[in-house]
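Below: one structure, written as structure tokens.
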Amino acid sequence: MEDAFSRSISEVLGFFGVDPSQGLTDDQVLHHARVYGKNVLPEEKRAPFWKLILKQFDDLLVKILIVAAVVSFLLALINGETGIIAFLEPSVILMILAANAAVGVITETNAEKALVELRAYQADIATVMRNGCFSILPATELVPGDIVEVAVGCKIPADMRMIEMLSNQLRVDQAILTGESCSVEKELEATRAVNAVYQDKTNILFSGTVVVAGRARAVVVGVGANTAMGNIRDSILQTDDEVTPLKKKLDEFGTFLAKVIAGICALVWIVNIGHFRDPSHGGILSGAIHYFKIAVALAVAAIPEGLPAVVTTCLALGTKRMARLNAIVRSLPSVETLGCTTVICSDKTGTLTTNMMSVSKICVVHSVLHGPQLSEYNVSGTTYAPDGTIFDSTGVQLEFPAQLPCILHMAMGSALCNESTLQYNPDKGNYEKIGESTEVALRVFAEKVGLPGFTSMPFALNMLSKHERASYCNHHWENQFKKISVLEFSRDRKMMSILCSRNQSHILFSKGAPESIISRCSSILCNEDGSTSVLTSSIRAELEARFQSFAGNEMLRCLAIAIKLLPVSQQSLSFDDEQDLTFIGLVGMLDPPREEVRNAMLSCMNAGIRVIVVTGDNKSTAESLCRKIGAFDHLVDLADHSFTASEFEELPAMQQTMALQRMALFTRVEPSHKQMLVEALQHQNEVVAMTGDGVNDAPALKKADIGIAMGSGTAVAKSASDMVLADDNFATIVAAVAEGRAIYNNTKQFIRYMISSNIGEVVCIFVAAVLGIPETLAPVQLLWVNLVTDGLPATAIGFNKQDSDVMKSKPRKVNEAVVTGWLFFRYLVIGAYVGLATIAGFIWWFIYSDSGPKLPYAELMSFDTCSTRATTYPCSIFEDRHPSTVSMTVLVVVEMFNALNNLSENQSLLVIPPWSNLWLVASIVITMILHMLIMYVRPLAVLFSVTPLSWAEWTIVLYLSFPVIIIDEILKFFSRRSSGRLRLPFRFRRHELLPKKELRDK
């Protein structure tokens, strides 16, 4: 029954045919079970494990690598090769792909965990009336029409419509569903609101929420998937994970690279068709296979096998840094996504505020001698910690606030009219509440006031342990006063009272809504001298005006405290005793904004990031907070920037689009609104970060580009998120965004480094094939360079320091290519030099080296006909390992120099020296040591087809390698002079060489 909230009790009971005094009969239970189903969240079919594995290989670059590995394996078998060398290359490629697939499968299962943990919020048992008797049954056996009784501490087992109140009130904590900061009072009357949201359905008890006060009966109206919790489950299932911007660009780059590789491989094979018949190959088929092997080697050289591993490692390094900032990353790609976030949709309660209600202002009557004189005091401290001071209206601190009569009696009333508990949690290192937030705020206020009669009071309290300090003053007053009778809070009175005895006198303490307390007062206590005066109409008007100022202008939650002396013989209370009270003071409380939020908001504005505050609270309260934290500082008028969910839904489609572009505050929202907001912003090409902590937030967290859960939030929210804030702090999000931008910059640098290196390898193989000289590098040597020598420096580039102005530029566009036209030109120049230097080292050994044969260049080009001609040198010279060792070493050393080029995209090495990143220096040293090992340790030298080099050979290696720094310094100079837009003799027809796609595939 979807509209039970708008129907009367009799209509709902009549719909299910149930008598509230008897409950359902056994026949009705069976019938309703068939019609409505069981009260369980059904399990969804999971994708088979083998499908998850296959999905990880659905990538063009990966497929090319698999083909290359299989072809290498088959060619080794055809040629009769045996041993580890023959199968090393395909084995290494397949191991890399298997490792990447394992990471992908683990990531895929995260969403399923959220669905499993959602079931933890279902109640286990329920007190149900059937056949005229109450019994305790498993909650899974409930059916619509069941009459259920709930009381304090009960977890609601299904969606239910209130039918009978068994106490003065019923309050429910439904924060996991709506995000409301305080418990909600439930009622019996039907809801008349149009387009009612969860907060408006005050007669509905939602499945998974908890009763915090009172007792009542209700009729079940929704079970299983047809509950509010079931709707969230459906939303999680229907929400597809968004591909991160970096993943999109890498996929595009991979597709582009794959096409280029395929073209070059085919070109190399076609160019050498004329050499298939060369006698050295022993036939056309053998010649074709030989050049096919070269094409495969070219594919291995062009594809950066280590790129996925290095990207993952760099993101992992970022997560460690972010963990130190209290941002715990659950999904590695989300680290980079933060860097291009354009909109942050932030929860209000607990993220922008401390979620710790605290007393911020009090108002008392100072004197009435010369007309009513009211005094205001400010109270510092924004957490549950009993640390804070009280200041008068001029900002002067009160040394001994407990010596002022009104403040002292307010502290007494706050401690005694209170059912909450304040305690210190040593494991978490903070103070925690048990009970209502407003009552805990009063307890903390009593601790800040201290005790009278002790001149060393503040110092003495600070000497206590944190466990003792938590409620020391409260315990003092509870020991001083013996509680005799209590009048509980009721909705019609809006107040509560407690009768206490002390020193042969009985005192009534009352607290409640200011309008209720003031109307019941006939006198006031003066703070100047402790005298009592008559509450005149002028004083009453002043108090009511101050109350309106607190509640209206400052949006404080207000309570008033009053006392009354009663006869010693009185042992119980009645409502009549709550008359002729003496007014003590007015207390103003708020969920205070975090101190660091204002600066964080300013950082967002400077960084071009828009913040939208999203909350279930009412509009005026949220607007007041936004003014305090600076969210509205850049706005003149709030009319077009602040919307309730219902106001937004009533707008025409075009106006909704315009409103989204201006929105700064979105109030009175429920789960579907959050998800709708994310989707609408994403349609406008925004990169959205969404925060949340409740079960209700899970679908929106999963839908957002980056979902951010609170550390204090529910397990469901954390499972659906990409990142968890350990300290629930908005400022941490901003710090994480800065880290995300820095990580992207570093990611871009090492991608540049790896791709330019691989271009060099492609140039080397391609030029060697075109020139017709012997194979310069063996596939196993290329694999070594790609994995080991490229991998370590590329990873170390991830340690480049964050730029000082990282949060002073606008977010990069999601469709911004990792490699732009000018950068690609730079890659080609550097890559061409790397490849030509490698070829030059190979040719140098044959033609100029004293330890080489000093062949004419023509002889080198005719190496494949050596066996058919008479020569002055043995043909075995072309199988010597020295030339390939020289060329491989040139390739390694030139890439180490190129790694230094990537300390910065455009800054010279004279500005950012190598020692600015000691990790990079260390990685270069380690890489060179590893390279020395394979050259000078014989078993490894045999494995990699290399041999030790002489000093003369090392000298030429350095001569050929170092110029790469000079070339890149020249290119950086032009980049700085023209912002990367060098006027070349040709123009790229597109700003970016890499293919662009639509921002999102909807």
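Residue numbers run from 1 in the order of the sequence given.
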### Task
Determine whether the side chains of Asn203 and Glu187 contain a donor N or O and an acceptor N or O closer than 3.5 Å.
no
Quiz item: Would you say the side chains of Ser420 and Asn418 form a donor-acceptor pair under 3.5 Å?
Solution: yes
ask   = Do the side chains of Asn131 and Asp26 get nearer than 4.5 Å, heavy atoms only?
value = yes
Q | From CA spacing to verdict: side-chain contact (heavy atoms from CB on, under 4.5 Å), Thr421, Lys433 | A | CA-CA 6 Å; Thr421 303; Lys433 72 178 178 77; over 6 Å; no
- Would you sort out whether Lys619 and Glu647 count as a salt bridge (Lys or Arg N to Asp or Glu O under 4.0 Å), showing the intermediate values? CA-CA 11 Å; Lys619 190 173 183 178; Glu647 288 172 350; 3.1 Å; yes
**Prompt:** Any side-chain heavy atom of Gln423 sitting closer than 4.5 Å to one from Tyr431?
**Reply:** no
NZ/Lys483: more than 12 non-hydrogen atoms of other groups inside 6.0 Å
yes
Min side-chain heavy-atom separation Val172-Leu205 under 4.5 Å | yes
Sorted by chain and number, sequence neighbours left out, side chain to side chain donor-acceptor pair (under 3.5 Å) with Glu478 holds for Arg443
- Expected output: side-chain Ser519 to main-chain Glu515 donor-acceptor under 3.5 Å: yes
Could you walk me through whether Met160 and Val148 pass side-chain contact (heavy atoms from CB on, under 4.5 Å), step by step?
CA-CA 8 Å; Met160 304 190 294; Val148 178; 3.6 Å; yes
Nearest heavy-atom approach of Phe643 to Met663 is CD1-CE, 4.0 Å
Sequence neighbours excluded, the answer for salt bridge (charged side-chain N to carboxylate O under 4.0 Å, His left out) partners of Glu578 is Arg493
Next item on the list: Please tell me if the side chains of Thr202 and Glu185 come closer than 4.5 Å, counting only heavy atoms from C-beta onward.
Entry: no
Any ion pair linking Lys674 and Glu679 (charged N to carboxylate O, less than 4.0 Å)? no
Between Ala704 and Asp722, the two heavy atoms sitting closest are O-OD2, 4.4 Å
Would a 4.5 Å heavy-atom cut-off, applied to side chains only, mark Asn474 and Leu422 as touching?
no
Q) Would a distance-only check, ignoring hydrogens and angles, find a side-chain to backbone donor-acceptor pair under 3.5 Å from His32 to Val143? A) no
d(Met165 CE, Lys186 NZ) to nearest 0.5 Å is 10.5 Å
Q. Side-chain donor-acceptor pair under 3.5 Å between Ser8 and Glu11, yes or no?
A. yes
Item to complete: Assess Lys201 against Phe5: is NZ or CZ under 6.0 Å from the centre of the six-membered ring, and within 45 degrees of the ring's axis?
Response: yes
dist Thr227:OG1 -> Asn39:CG (nearest 0.5 Å) comes out at 7.5 Å
Nearest heavy-atom contact between Ile9 and Met162 is CG1-O, 3.8 Å
Side-chain heavy-atom pair Tyr384, Val440 within 4.5 angstrom cut-off: yes
State, yes or no, whether a side-chain contact exists between Val150 and Arg215 at a heavy-atom distance under 4.5 Å. no
side-chain hydrogen bond (donor to acceptor under 3.5 Å, both in side chains) test vs Thr353 passes for just one of Asp591, Asp347, Thr615, namely Asp591
One should read off an interatomic distance between Met495 CE and Ser510 OG, to the nearest 0.5 angstrom, of 4.0 Å
Correct closest heavy-atom pair for Leu416 and Ile498 would be O-CD1, 3.5 Å
Next item on the list: Evaluate the side-chain proximity of Arg171 to Val211: yes if any heavy-atom separation is below 4.5 Å, no if none is.
Entry: no
Exercise for review: Take Glu439 and Lys511 through the salt bridge (Lys or Arg N to Asp or Glu O under 4.0 Å) test and state the conclusion after the steps.
Suggested key: CA-CA 10 Å; Glu439 293 201 332; Lys511 78 165 186 201; 2.8 Å; yes
Exercise. Does a donor on one side chain sit under 3.5 Å from an acceptor on the other, for Asp19 and Ser21?
Worked result: yes
dist Asp727:CG -> Asn430:CG (nearest 0.5 Å) comes out at 11.5 Å
_Taking Asp146 first and then Arg130, would you say they form a salt bridge - that is, a charged N and a carboxylate O separated by under 4.0 Å?_
yes
Taken to the nearest 0.5 Å, the spacing of Leu24 CG from Leu142 CG works out to 10.0 Å
Smallest heavy-atom separation, Ser207 atom then Asp159 atom, equals N-OD1, 2.8 Å
Correct closest heavy-atom pair for Arg161 and Leu188 would be NH1-O, 2.9 Å
Using modelled atom types only, decide if a donor and an acceptor are shared between the side chain of Gln199 and the backbone of Val669 within a distance under 3.5 Å. yes
Exercise. Show your reasoning for whether side-chain contact (heavy atoms from CB on, under 4.5 Å) applies to Met496 and Leu487.
Key: CA-CA 6 Å; Met496 74 165 288; Leu487 277 178; over 6 Å; no
Interatomic distance, OG@Ser497 vs CZ@Phe509, rounded to 0.5 Å, equals 11.0 Å
